[in-house]
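All remarks here apply to the structure that follows.
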Amino acid sequence: MVISMRGDATEDQIQGVIKRLSELKLDAHRSTGLNRTIIGAIGDVSAVDTRDFELLEGVDEVIRISAPYKLASRQFKPDNTEIVVKNVVIGSREVVIAAGPCSVESREQIEKIAATVAASGAKILRGGAFKPRTSPYSFQGLEEEGLKLMRQAADKHGLAVVSEVMDASQIDAMLDYVDIMQVGARNMQNFTLLKRLSKVDRPVLIKRGLSATIEELLMSAEYVISGGNRKVILCERGIRTFETYTRNTMDICAIPIVHKLSHLPIWADPSHGTGIRDKVLPMGRAAIAAGADGLIVEVHHDPAHALSDGAQSLYPEQFDELMRELNIIARAIGRSIGDIS
Ligand code: PEP
Ligand code: MN
């Protein structure tokens, strides 16, 4: 952290800043230029609130140099984090695709969809059993019964399972069925939930909040890693902007930014990222071209009758087409996508 003093700052004001740093057990490195004094804070500044220094007399500007997330940063760990889930390695050269319905609705539904996404090359079955719905009157999910049905369908087709955990009280039940714990966009800053997941031996997929910055997303990852769980996957799923043509605005640029700032794998969700079926293929292609380590995509055999998010769910044939296109894109950028030819 660097504190730049105003040109007219007095010696007393400079000493005031140095004293405050030493109270926080930080050393001060002072350099006096022609027009102003700059004070470098040396030590662990991760818990410092820069505003406390901005408010001190004579201070012009406070600039944080090191990121507030340490364990999630690439500075701390230069090599990519690879996470093994069943027979895939997330964050490796292989692009991993999770696909399935928004919600698990019935045995027949999840079985049908698992069969089709597996045949197209998906390695992970997605599906919500605990659903975060905007309206309390909308379908809320089949809960534990849904998890059971999903696990059975996934096992039958050699798939792993990713599903959303909405509350810490659901974690124990989920551990019996789920390979990746999904933290939804609305829960990205549920710090109690993140802390509990940091104690669990299961990868955690953290979706970017509706109005979260990339730094806030990385801070959520930091919660999980600092508590002891290093298996974190991030996910860009669109953010809320002034645009109204799409449900969310998919921030494709977040993908290379996260790769630069962090060693963690990042996925993209073109289904929630756009909210409209015919935009899912182009944005899915774009995300992989931008370097995403995987996608999580909604697919339904009968989207018109889906209990949630039918409008953004792909038909099985569309998903198959997407997988073929992704295969070409992945190869063009030196990656692979499982065993699709
Ligand atoms: C989901 O993936 O089912 C979901 C609800 O996504 P998000 O949390 O990104 O809205
Ligand atoms: Mn959905």
Side-chain angles (χ1 to χ4, degrees), residues 96-105 109-110 113 117 122 124-136 138-143 146-147 150 160-167 170 174 177-190 193-194 197 203-212 214 216-217 220-221 232-241 246-252 254-255 258 266-277 279-280 283-284 287 292 294-315 319:
V96 175
I97 308 297
C102 178
S103 309
V104 183
E105 299 169 6
Q109 175 245 20
I110 195 68
I113 298 172
V117 299
I124 302 176
L125 182 63
R126 69 142 286 145
F130 299 100
K131 291 305 301 176
R133 305 304 302 279
T134 301
S135 166
S138 302
F139 176 60
Q140 302 286 308
L142 295 183
E143 305 190 341
L147 294 173
M150 209 180 161
V161 167
V162 58
S163 194
E164 177 165 353
V165 53
M166 280 179 60
D167 187 83
Q170 297 157 356
M174 292 194 71
Y177 307 104
V178 169
D179 300 299
I180 302 175
M181 302 283 224
Q182 175 176 331
V183 175
R186 290 154 193 83
N187 256 327
M188 188 203 86
Q189 288 190 317
N190 179 339
L193 179 61
L194 296 174
L197 288 169
V204 181
L205 172 70
I206 307 179
K207 301 187 85 179
R208 182 176 180 183
L210 273 69
S211 49
I214 294 169
E216 286 164 341
L217 174 63
S220 294
V232 177
I233 306 152
L234 302 169
C235 183
E236 165 59 38
R237 50 77 72 207
I239 48 175
R240 181 160 291 180
T241 69
T246 45
R247 181 179 181 189
N248 293 293
T249 297
M250 202 159 153
D251 183 8
I252 296 282
I255 297 161
V258 165
I266 175 145
W267 282 6
D269 175 347
S271 309
H272 295 89
T274 61
I276 314 167
R277 184 178 307 127
K279 309 292 180 293
V280 173
M283 294 313 277
L295 295 183
I296 178 164
V297 187
E298 288 182 342
V299 178
H300 200 290
H301 66 289
D302 182 12
H305 296 102
L307 296 183
S308 59
D309 282 347
Q312 66 190 34
S313 299
L314 296 181
Y315 288 98
F319 178 66

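Counting convention: from 1, in listed order, for ligands and their atoms alike.
The shell of residues lying under 4.0 angstrom from ligand 1, judged by heavy atoms, excludes Arg208.
The protein atom (non-hydrogen) at minimum distance from atom 3 (O) of ligand 1 is Arg126 NH2, 2.8 Å. Remark: minimum distance from atom 6 (O) of ligand 1 to any protein heavy atom is reached at Lys207 NZ, 2.9 Å. Summary of contacts: the protein heavy atom closest to atom 5 (C) of ligand 1 is Glu164 OE1, 3.7 Å. In this structure, atom 8 (O) of ligand 1 lies nearest to the protein heavy atom Ala185 N, 2.7 Å.
Using modelled atom types, one finds a donor on one side chain and an acceptor on the other under 3.5 Å when comparing His272 with Asp309. A donor atom on one side chain and an acceptor atom on the other are not found under 3.5 Å apart for His301 and Gln109.
The distance from the CD1 atom of Ile97 to the CG atom of Leu295 is 4.0 Å, given to the nearest 0.5 Å.
Taking a cut-off of 2.8 Å, the protein N, O or S atoms nearer than that to the Mn ion (ligand 2) are Cys102 SG, His272 NE2, Glu298 OE2, Asp309 OD2.
In this structure, Ala254 and Glu236 approach most closely via the heavy-atom pair CB-OE1, 3.6 Å. Taking every heavy atom of both residues into account, Gly209 and Ile239 meet most closely at O-CG2, 3.8 Å. Closest approach of Ser135 and Gln140 over heavy atoms only: O-NE2, 3.3 Å. Between Gly100 and Ile113 the shortest heavy-atom distance is CA-CG2, 3.9 Å.
Annotation: Arg240, atom CZ; neighbour count of heavy atoms from other residues, nucleotides and ligands within 6.0 Å does not exceed 12.
Not a single donor-acceptor pair under 3.5 Å links the side chain of Asp269 to the backbone N or O of Cys235.
For ligand 1, the polar-atom distance check against Gly184 finds no nitrogen or oxygen pair separated by under 3.5 Å.
Atoms of ligand 1 found under 4.0 Å from any heavy atom of Lys131, numbered from 1 in the order shown, are 3 (O). Interface atoms of ligand 1 facing Arg237, defined by a heavy-atom separation under 4.0 Å, are 7 (P), 9 (O), 10 (O).
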Donor-acceptor pairs are to be reported for all side-chain atoms of residues 178-188 against protein atoms at under 3.5 Å, with residues two or more places apart or in another chain.
| unit_1 | atom_1 | unit_2 | atom_2 | d |
| --- | --- | --- | --- | --- |
| Asp179 | OD1 | Arg151 | NH1 | 3.4 |
| Asp179 | OD2 | Arg151 | NH1 | 2.9 |
| Asp179 | OD2 | Arg151 | NH2 | 3.2 |
| Asp179 | OD2 | Val161 | N | 2.7 |
| Asn187 | OD1 | Asn190 | ND2 | 3.0 |
| Asn187 | ND2 | Met166 | O | 2.9 |

